[in-house]
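Please read these numbers as outputs of a predicted model, since none were measured by experiment. Letters go in sequence order (proteins before strands), and every chain restarts at 1.
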Amino acid sequence: MSLMEEVNRKALGLGVPLSVHLDVTYQCNERCEHCYLEHDGEDELTTSEIRGFIGQFAKAGTFFLTISGGEPLLRRDCFEIIEYARELEFNVKLKTNAVLVREQEARRLREAGVEQVQVSVYSHKAEIHDAITKLPGSLKRTLGGIRVMRAAGLKVTLANVLMRGNAGDYAGVRELATETGAQYTLDPTITSMLNGDSSILGMRLPSEELRTVFRDERLVGDVGEFCAPPAAVDDGVREGIPCSAGHTSCYVSPWGEVYPCVQFPLACGNMRRQSFAEIWAGSAQLREVRGIRAKHLSTCSSCAHLGTCTRCPGLAFMEGNMRGPSSADCEKSFVRAGVVTAGMLAGHTFSVRGSERIELVQIRV
Amino acid sequence: MKECYVGRSRSVAARQLGEEMVIMSAVDSRLFNLNPVAALIWKAADGKTPLMKIVEEHICPVFEVKQGEALQDAEQFVRELAAHGILLLAESPIVETSAGAGKAP
C-alpha cells in the first residue's frame with residue numbers, strides 16, 4: 001500500500017474530507033462546447049465567504065484543495081484566495097485555462113506554493129482548440145501561460161479532454177506536454193450538464209476511437225494488462241466503496257452548495273446556511289452515498305467488471321440512479337476488455353451517440 | 001548540535017490527520033506521514049523556539065522519555081526533514097518560515 005493509499009484509508013476511517021474541490025466562479029472567458037456548466041456568475045461567494053469556508057475546510061482536516069471554475073483567475077481576489085489557502089497549509093491545486101497567466105501571475109502562483117496547475121488543452125492545432133473553446137487565439141495564450149508557469153518552476157499538467165472534434169489530436173497534445181515539460185492526462189468522458197441537459201453527450205468519443213486510445217501503449221502502458229479481461233471479483237471488492245466522492249472528498253459550488261463530487265450533482269447542504277462540519281457529518285444525502293457498497297449496486301454488483309470498472313456514481317446519478325450503471329463507464333469497460341457488462345445485458349444502452357444509440361444486440365453481433 | 005532553531009518551509013502543505021501529520025512538499029510532491037511525536041515537533045517548529053525547548057515543553061511531558069534521548073531523536077528527525085527541504089534549520093531564530101506556522105488547525 002502506498003503512503004497516499006494509507007493516508008486515504010486513514011481519512012476514510014476517521015471520516016475526514018481529505019479533498020475539497022472548490023469552484024470559486026462559473027464565469028469563464030472561454031465557452032467550451034462540451035462544458036457542463038452554465039456561466040451565470042450572479043450572487044457568487046464573496047471573498048469573505050470563501051475565506052470563511054476555507055477556514056472551515058482546514059478545521060475539518062481537508063488537506064487537498066482544488067481551486068477551479070469557470071475560470072478562477074477571472075476573480076480579482078483569486079490570488080488572495082490561493083494565498084490564504086496556502087497560509088492555512090493546504091496542498092493547493094489550481095485548474096485554469098491559463099489564458100490570463102503572464103510572468104507576474106506565474107511568479108505569484110509559484111511564490112504562493114501552489115503544488116500543481118492543471119490546464120485544459122484540446123489540440124496542438126489552434127483551429128481545433130480555438131473552435132472548442134470558442135475563444136480566438138486561446139491556444140496561443142494558453143501555451144504562453146503554460147510556458148511562463150513552467151519557467152517559474154510550477155508543475156503543470158495538460159488535461160486533454162477527448163471528444164469527437166479532437167479525437168485525432170491527443171498525440172499532438174502529448175508532444176506539447178513533453179515540449180513544455182508538463183505532465184499529460186487524458187479524459188475521454190463528456191458528461192451531461194449539471195442542469196441535466198444531456199445534449200452535449202453527442203460529442204462523446206465514438207467507440208472505435210476509444211478503442212484506439214485504449215490500445216495506444218504511449219497512453220496506457222502495457223496494453224495487454226490494461227485491456228485484460230476482468231479478474232474474478234472477491235469479497236473485498238464487493239465490500240468496497242464505489243469511489244471517494246462523499247467519503248473523503250466533496251465539491252463546493254460558487255454558491256456554497258456542497259455535493260459529493262463535481263460530477264455528482266446531489267445537493268447535500270449549503271454553506272451559506274449551515275457550517276461545513278454540520279453538512280459533512282449530518283447530511284442525509286451524504287449518509288446515503290456513504291452507505292453504498294459495491295455489493296449494493298443494482299446491476300453492477302453482478303458485473304464481471306466490478307473490480308476494475310471506473311464506474312462513476314455521479315454519472316450513474318445523472319442517468320437516474322446512483323446505484324445503477326453509468327453507460328459511459330459500461331462502454332469504457334467493454335471497449336477496454338471486450339467483455340459485455342452487466343449494464344449492457346440489463347438493457348442499458350450507450351447514450352454516447354445520441355441518435356446513433358448502440359443497442360445490445362448490435363454489440364453482441 | 002549547537003543551539004538549533006527549526007521552522008516549517010513555506011513550500012509545504014501540512015494537515016493533522018488523527019494523531020499524525022500529513023505533509024507534502026510542493027517542490028517534489030513527496031508525501032510524508034509524521035508519527036505523533038514528530039507531529040508535535042512539526043507543529044511547534046515556529047522558527048523562534050529552540051529544538052531543545054520544543055522537546056522539553058512538548059515531548060517530555062507527553063511521552064515518558066528522557067530529555068537527552070528525546071533530543072537526540074528529535075535532532076535526527078529534523079535533519080532528515082531538512083534534507084527533504086520541508087524543515088528549515090538554523091543556529092539562530094528563523095524569520096522566513098511558513099506563513100501558516102502556528103496556525104495549522
Side-chain angles (χ1 to χ4, degrees), chain A residues 1-20 51 54-67 80 82-94 109-118 149 152-157 183 248 276-277, chain B residues 6-49 54 58 77-78 80-89 94-105:
Chain A
M1 185 182 281
S2 71
L3 185 51
M4 192 64 244
E5 288 169 332
E6 177 65 23
V7 168
N8 272 312
R9 188 195 60 76
K10 186 157 191 186
L12 183 65
L14 293 168
V16 170
L18 196 64
S19 306
V20 171
R51 286 173 69 100
I54 288 174
Q56 291 185 46
F57 301 149
K59 281 192 182 127
T62 302
F63 181 60
F64 298 103
L65 181 65
T66 298
I67 293 176
E80 180 185 339
I82 290 168
E83 284 159 1
Y84 182 63
R86 285 293 301 128
E87 203 177 305
L88 296 186
E89 298 187 322
F90 283 94
N91 176 290
V92 174
K93 179 176 172 180
L94 176 69
L109 292 173
R110 181 71 177 92
E111 284 169 2
V114 169
E115 202 262 327
Q116 191 186 130
V117 183
Q118 183 173 304
M149 286 193 288
L154 284 158
K155 283 190 285 295
V156 177
T157 296
Q183 301 293 309
T248 57
F276 181 65
Chain B
V6 288
R8 284 130 65 172
S9 162
R10 290 181 63 88
S11 63
V12 302
R15 191 68 75 230
Q16 183 98 30
L17 186 61
E19 292 185 332
E20 298 173 359
M21 180 70 72
V22 181
I23 296 173
M24 186 181 272
S25 162
V27 176
D28 58 6
S29 299
R30 280 190 73 164
L31 188 66
F32 299 83
N33 192 23
L34 308 188
N35 68 24
V37 182
L40 285 176
I41 296 173
W42 170 266
K43 284 197 283 188
D46 59 3
K48 299 170 198 161
T49 312
I54 291 174
H58 297 273
F77 160 71
V78 297
E80 281 176 20
L81 289 196
H84 289 291
I86 63 175
L87 264 187
L88 309 173
L89 299 188
I94 302 164
V95 178
E96 182 68 14
T97 184
S98 168
K103 291 186 182 177

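Taking every heavy atom of both residues into account, B/A26 and A/G113 meet most closely at CB-O, 3.9 Å. Of all the heavy atoms in B/M24 and A/N91, the pair that sits closest is SD-ND2, 3.0 Å.
Atom CG in A/L88 sits 6.5 Å away from atom CZ in B/R15 (nearest 0.5 Å). Rounding to the nearest 0.5 Å gives a distance of 6.5 Å between CG of B/N33 and NZ of A/K10.
Within a 6.0 Å sphere centred on CD of A/E6, other residues, nucleotides and ligands contribute more than 12 heavy atoms.
Here the side chains of A/F63 and B/L31 are in contact, with some heavy-atom distance below 4.5 Å. Within the 4.5 Å cutoff, the side chain of A/R86 has no heavy atoms near those of the B/R10 side chain.
Both the backbone and the side chain of A/V7 come within contact range of chain B, each with at least one heavy atom under 4.5 Å from a heavy atom of that chain. Only the side chain of A/L14 comes within contact range of chain B, with at least one heavy atom under 4.5 Å from a heavy atom of that chain. For a residue to count as touching a neighbouring chain, one of its non-hydrogen atoms must lie under 4.5 Å from one of that chain's; by this rule A/T62 touches chain B with the backbone only. Only the backbone of B/S11 comes within less than 4.5 Å of a heavy atom of chain A; no side-chain atom from C-beta onward does.
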**OP:** Just do the side-chain contact (heavy atoms from CB on, under 4.5 Å) check on A/Q116 and B/S29 with the steps written out, would you?
**Re:** CA-CA 9 Å; A/Q116 191 186 130; B/S29 299; 5.7 Å; no
